[in-house]
Asks: 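Please find one structure pasted underneath; my questions will follow.
Values reported hereafter were calculated over all heavy atoms of this structure, with side chains retained and with hydrogens, waters and symmetry mates removed. Quick caveat, the model's predicted, so the values are computed rather than measured.
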Amino acid sequence: MKDLDITLDNVENARFSYIYSPFIALAKKDPECIFSDNELMSIALIYHKFVLANGPKSKYMTKFQLSNIMDIFFEIEDRNIVSSLVFRLCQHTSDNPSDFLPEKHVSLESFFKLFTIYFTRDLEIKMKFTFSVYDRADTGQLNGEEVSFHLDKLFENFEDEEEAMELRMVSGLNTCFITSITLFPQDLKELFFQKFDKDKDGNIQAEEYYEVVRSQPMMLECFGRVFPATPRMDVLALCANVMSWFEDSPNPRIMNQHQSILTDS
């Protein structure tokens with residue numbers, strides 16, 4: 001791994017190879033890995049650049065940095081969604097060294113997880129992660145209070161009433177079950193429960209959400225944006241050298257029966 005980046009000198013290139021080669025090799029063996037060797041190296045290099053920004057002796061990216069990445073680069077503006085994203089991405093990682101602080105640091109494994117979830121075209125992976133982001137209480141279901149919270153935040157994120165009114169047009173939310181009616185959060189809440197709550201127990205179970213999203217992928221982010229719009233993903237793919245994101249690249253992403261290209265939300 002010589003001369004990986006012209007902004008790194010020979011010593012820093014050697015340091016990168018020494019530190020990250022084992023992690024890249026481990027990631028390659030993961031059966032769920034969707035990246036080529038060069039793409040994994042590029043993602044690790046991005047991680048390394050953020051680590052360097054924390055000082056010459058730093059070894060890890062911080063959660064504060066990851067939050068800024070989600071906000072600035074991935075354009076996820078809802079701070080509650082960002083907080084939940086960071087929590088889920090950093091959850092269930094393998095054993096880390098004693099100097100790794102789970103409440104502060106982000107591992108390279110979590111950073112790989114971020115890129116896997118955002119660049120995969122597997123709808124199953126995306127929807128399970130998305131529901132976990134909405135499920136802040138980690139109960140495997142969304143109750144009325146949680147649904148109201150997400151819908152209220154959805155409306156708050158718009159700068160003026162005109163934009164909010166556009167959101168209230170259900171057709172703009174791609175709900176596919178009613179059109180041309182001006183709705184408010186409480187109205188949408190009732191409609192969402194009619195659509196998702198199959199057993200009418202007052203909760204939207206994870207499996208109920210999955211069932212609807214499988215049949216209508218546009219419902220994936222119905223409780224708030226989790227993924228960037230496609231044009232932004234194209235920019236991120238180019239910046240991160242994830243060329244398999246593009247169908248016409250030399251290494252196109254292989255699609256299976258569960259995979260679906262998600263259009264702009």
Asks: Can you find a heavy atom in the side chain of Glu208 that is under 4.5 Å from one in the side chain of Val212?
Replies: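 They are not in side-chain contact.
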Asks: Using the rule that Ile, Leu, Val, Met, Phe, Trp and Tyr join whenever any side-chain heavy atoms are under 4.5 Å apart, tell me whether Leu236 and Val82 fall into a single cluster.
Replies: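 Per the 4.5 Å side-chain linkage, Leu236 and Val82 are co-clustered.
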Asks: Quick check: do Lys28 and Cys33 have side-chain heavy atoms less than 4.5 Å from each other?
Replies: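 Lys28 vs Cys33: side chains apart.
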Asks: Check Ser58 against Arg15 and note the closest heavy-atom contact, atom names and distance.
Replies: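 Scanning both residues, the minimum pair turns out to be O-NH2, 3.4 Å.
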Asks: Is the Phe115 ring parallel, tilted or perpendicular to the Phe35 ring (thresholds 30°, 60°)?
Replies: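 It falls in the perpendicular class, over 60°.
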Asks: Could you check whether the rings of Phe223 and His150 sit parallel, tilted or perpendicular, using 30° and 60° as the cut-offs?
Replies: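 Tilted, since the angle between the ring planes falls between 30° and 60°.
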Asks: Looking at Lys126 and Ile117, would you say the former's side chain and the latter's main chain have a donor-acceptor pair under 3.5 Å?
Replies: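 It does hold such a pair.
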Asks: Using the rule given for side-chain contact (heavy atoms from CB on, under 4.5 Å), can you reason through Phe196 versus Cys222, listing the C-alpha separation, both sets of side-chain angles and the distance that settles it, and then say yes or no?
Replies: CA-CA 11 Å; Phe196 286 97; Cys222 60; 3.7 Å; yes
Asks: Honestly curious: do Phe50 and Phe64 fall in one hydrophobic cluster under the side-chain, below-4.5 Å linking rule?
Replies: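 Phe50 and Phe64: separate clusters.
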Asks: Please enumerate all residues that pass salt bridge (charged side-chain N to carboxylate O under 4.0 Å, His left out) together with Glu207, with sequence neighbours excluded.
Replies: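 Glu207 satisfies salt bridge (charged side-chain N to carboxylate O under 4.0 Å, His left out) with no other residue.
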Asks: With sequence neighbours excluded, what pairs up with Lys49 under the side chain to side chain donor-acceptor pair (under 3.5 Å) test?
Replies: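 Once residues adjacent in sequence are excluded, the partners of Lys49 under the side chain to side chain donor-acceptor pair (under 3.5 Å) criterion are Asp5, Thr7.
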Asks: Can you name the nearest heavy-atom pair linking Phe129 to Val226, along with the distance?
Replies: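 Where Phe129 meets Val226 most closely, the heavy atoms are CE2-CG1, 4.3 Å.
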Asks: Taking the side chain as everything from C-beta on, heavy atoms only, tell me whether Glu146 gets closer than 4.5 Å to Asn203.
Replies: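 A side-chain contact under 4.5 Å is absent here.
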Asks: Got more than 12 heavy atoms from elsewhere within 6.0 Å of CZ, Phe23?
Replies: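 No, not enclosed.
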Asks: Please tell me if the side chains of Tyr210 and Gln205 come closer than 4.5 Å, counting only heavy atoms from C-beta onward.
Replies: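 The answer is no, as the side chains (C-beta and beyond) never meet within the 4.5 Å cut-off.
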Asks: Inspect the contact between Asp78 and Arg225 and indicate whether a charged nitrogen and a carboxylate oxygen are less than 4.0 angstrom apart.
Replies: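 Salt bridge: no.
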Asks: With side-chain contact (heavy atoms from CB on, under 4.5 Å) as the criterion, how do Asp234 and Phe246 come out once you've worked through the C-alpha distance, each side chain's angles and the decisive distance to 0.1 Å?
Replies: CA-CA 8 Å; Asp234 291 345; Phe246 303 100; 3.7 Å; yes
Asks: Is Arg232 positioned over the aromatic face of Phe73, cation under 6.0 angstrom from the ring centre and no more than 45 degrees off axis?
Replies: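 That pair does not qualify as a cation-pi contact.
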Asks: Heavy-atom count around Lys200 NZ within 6.0 Å, excluding the residue itself: above 12?
Replies: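 Yes.
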Asks: Distance under 6.0 Å and angle within 45° of the ring axis: does Lys59 meet both against Phe100?
Replies: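 Lys59 over Phe100 ring: no.
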Asks: Could you tell me whether the side chain of Ser83 and the main chain of Arg79 form a donor-acceptor pair under 3.5 Å?
Replies: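 Between the backbone of Arg79 and the side chain of Ser83 there is no qualifying donor-acceptor contact (under 3.5 Å).
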Asks: To the nearest 0.5 Å, tell me how far Phe112 CZ sits from Ile43 CD1.
Replies: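 Atom-to-atom, Phe112:CZ and Ile43:CD1 are 6.0 Å apart.
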Asks: Do Lys189 and Ser148 have side-chain atoms, one donor and one acceptor, less than 3.5 Å apart?
Replies: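 Side-chain D/A pair, Lys189 to Ser148: present.
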Asks: Checking Ser84 side chain against Asn80 main chain: does a donor-acceptor pair fall under 3.5 Å?
Replies: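 No, the answer is negative, given that no donor and acceptor are paired below the 3.5 Å cut-off.
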Asks: For Pro22 and Ser17, work out which heavy atoms get closest and say how close.
Replies: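 Distance-wise, the nearest heavy atoms are CD-O, 4.4 Å.
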Asks: Not counting sequence neighbours, which residues clear salt bridge (charged side-chain N to carboxylate O under 4.0 Å, His left out) with Asp138? List them please.
Replies: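 Result, salt bridge (charged side-chain N to carboxylate O under 4.0 Å, His left out) vs Asp138: Arg88.
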Asks: Output, in order, the C-alpha distance, side-chain angles, deciding distance and verdict of side-chain contact (heavy atoms from CB on, under 4.5 Å) for Asp135 and Thr139.
Replies: CA-CA 7 Å; Asp135 181 18; Thr139 59; 3.5 Å; yes
Asks: Indicate yes or no for a side-chain donor-acceptor contact from Lys57 to the backbone of Asn54 under 3.5 Å, with no hydrogens or angles considered.
Replies: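 It does not hold such a pair.
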Asks: Is the number of heavy atoms from other residues, nucleotides or ligands within 6.0 Å of NZ (Lys198) greater than 12?
Replies: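 For Lys198, atom NZ is crowded (more than 12 foreign heavy atoms under 6.0 Å).
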Asks: Gln91 and Lys113: side-chain hydrogen bond (donor to acceptor under 3.5 Å, both in side chains), yes or no, with the steps?
Replies: CA-CA 10 Å; Gln91 199 176 28; Lys113 180 179 177 181; 5.8 Å; no
Asks: Which heavy-atom pair separates Asp197 from Gly202 by the least distance, and what is that distance?
Replies: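 Looking at all heavy atoms of both residues, the shortest contact is OD2-N, 2.9 Å.
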Asks: For the residue pair Glu109 and Asn96, confirm or rule out a side-chain donor-acceptor distance under 3.5 Å.
Replies: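 No.
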Asks: Ignoring hydrogens, what is the shortest heavy-atom contact between Cys90 and Ser110? Give both atom names and the distance.
Replies: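 So the two residues come closest at CA-OG, 3.5 Å.
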Asks: Quick check: closest heavy atoms across Ser42 and Asn241, and the distance to 0.1 Å?
Replies: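 Heavy atoms of Ser42 and Asn241 come nearest at OG-ND2, 3.4 Å.
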Asks: Are the side chains of Asp30 and Leu26 in contact, using a 4.5 Å heavy-atom criterion?
Replies: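 When only atoms from C-beta onward are counted, Asp30 and Leu26 do not touch, as no gap falls below 4.5 Å.
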Asks: Where does the angle between the aromatic ring planes of Tyr47 and Tyr20 fall among parallel (under 30°), tilted (30 to 60°) and perpendicular (over 60°)?
Replies: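 Rings of Tyr47 and Tyr20: perpendicular, over 60°.
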Asks: Check whether any side-chain N or O of Gln216 sits under 3.5 Å from a backbone N or O of Val213 as a donor-acceptor pair, and report yes or no.
Replies: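 Side chain of Gln216 to backbone of Val213: no pair is present.
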Asks: Are the side chain of Asp71 and the backbone of Glu77 linked by a donor-acceptor contact shorter than 3.5 Å?
Replies: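 No, Asp71 side chain to Glu77 backbone: no donor-acceptor pair under 3.5 Å.
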Asks: From Leu66 CG over to His105 NE2, what is the distance, rounded to the nearest 0.5 angstrom?
Replies: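 So the gap between those two atoms works out to 13.0 Å.
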Asks: Do Val11 and Ile19 sit in one hydrophobic cluster, given that two such residues count as connected whenever their side-chain heavy atoms are within less than 4.5 Å of each other, even indirectly?
Replies: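 No, separate clusters.
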Asks: Any heavy-atom pair between the side chains of Ile76 and Phe227 that's under 4.5 Å?
Replies: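 No; the side chains remain at least 4.5 Å from each other.
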Asks: Has the side chain of Tyr209 got a donor or acceptor atom that lies under 3.5 Å from a matching backbone atom of Leu220?
Replies: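 Between the backbone of Leu220 and the side chain of Tyr209 there is a qualifying donor-acceptor contact (under 3.5 Å).
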Asks: Any heavy-atom pair between the side chains of Glu75 and Met70 that's under 4.5 Å?
Replies: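 A side-chain contact under 4.5 Å is absent here.
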Asks: As an exercise, state the distance from CG of Leu89 to OG1 of Thr116, rounded to the nearest 0.5 Å.
Replies: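 Here the interatomic distance stands at 10.0 Å.
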Asks: Between Asp99 and Tyr60, do the side chains contain a donor N or O and an acceptor N or O under 3.5 Å apart?
Replies: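 Yes - a donor-acceptor pair under 3.5 Å links their side chains.
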Asks: Can you check whether Ile69 reaches Phe74 side chain to side chain, under 4.5 Å on heavy atoms?
Replies: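 A side-chain contact under 4.5 Å exists here.
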Asks: State yes or no: do Leu101 and Leu108 share one hydrophobic cluster built from I, L, V, M, F, W and Y residues joined by side-chain heavy-atom distances below 4.5 Å, directly or via other members?
Replies: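 No; tracing contacts between hydrophobic side chains, which count when under 4.5 Å, never links both residues.
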Asks: Report whether Met41 and Ile46 are members of the same hydrophobic cluster (ILVMFWY, side-chain heavy atoms less than 4.5 Å apart, transitive linking).
Replies: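 As far as the 4.5 Å side-chain criterion goes, Ile46 and Met41 are connected within one cluster.
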Asks: Go through the side-chain N and O atoms of Glu221 and Thr130 and say whether any donor and acceptor fall under 3.5 Å apart.
Replies: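 The criterion, which ignores hydrogens and geometry beyond distance, is not satisfied for Thr130 and Glu221.
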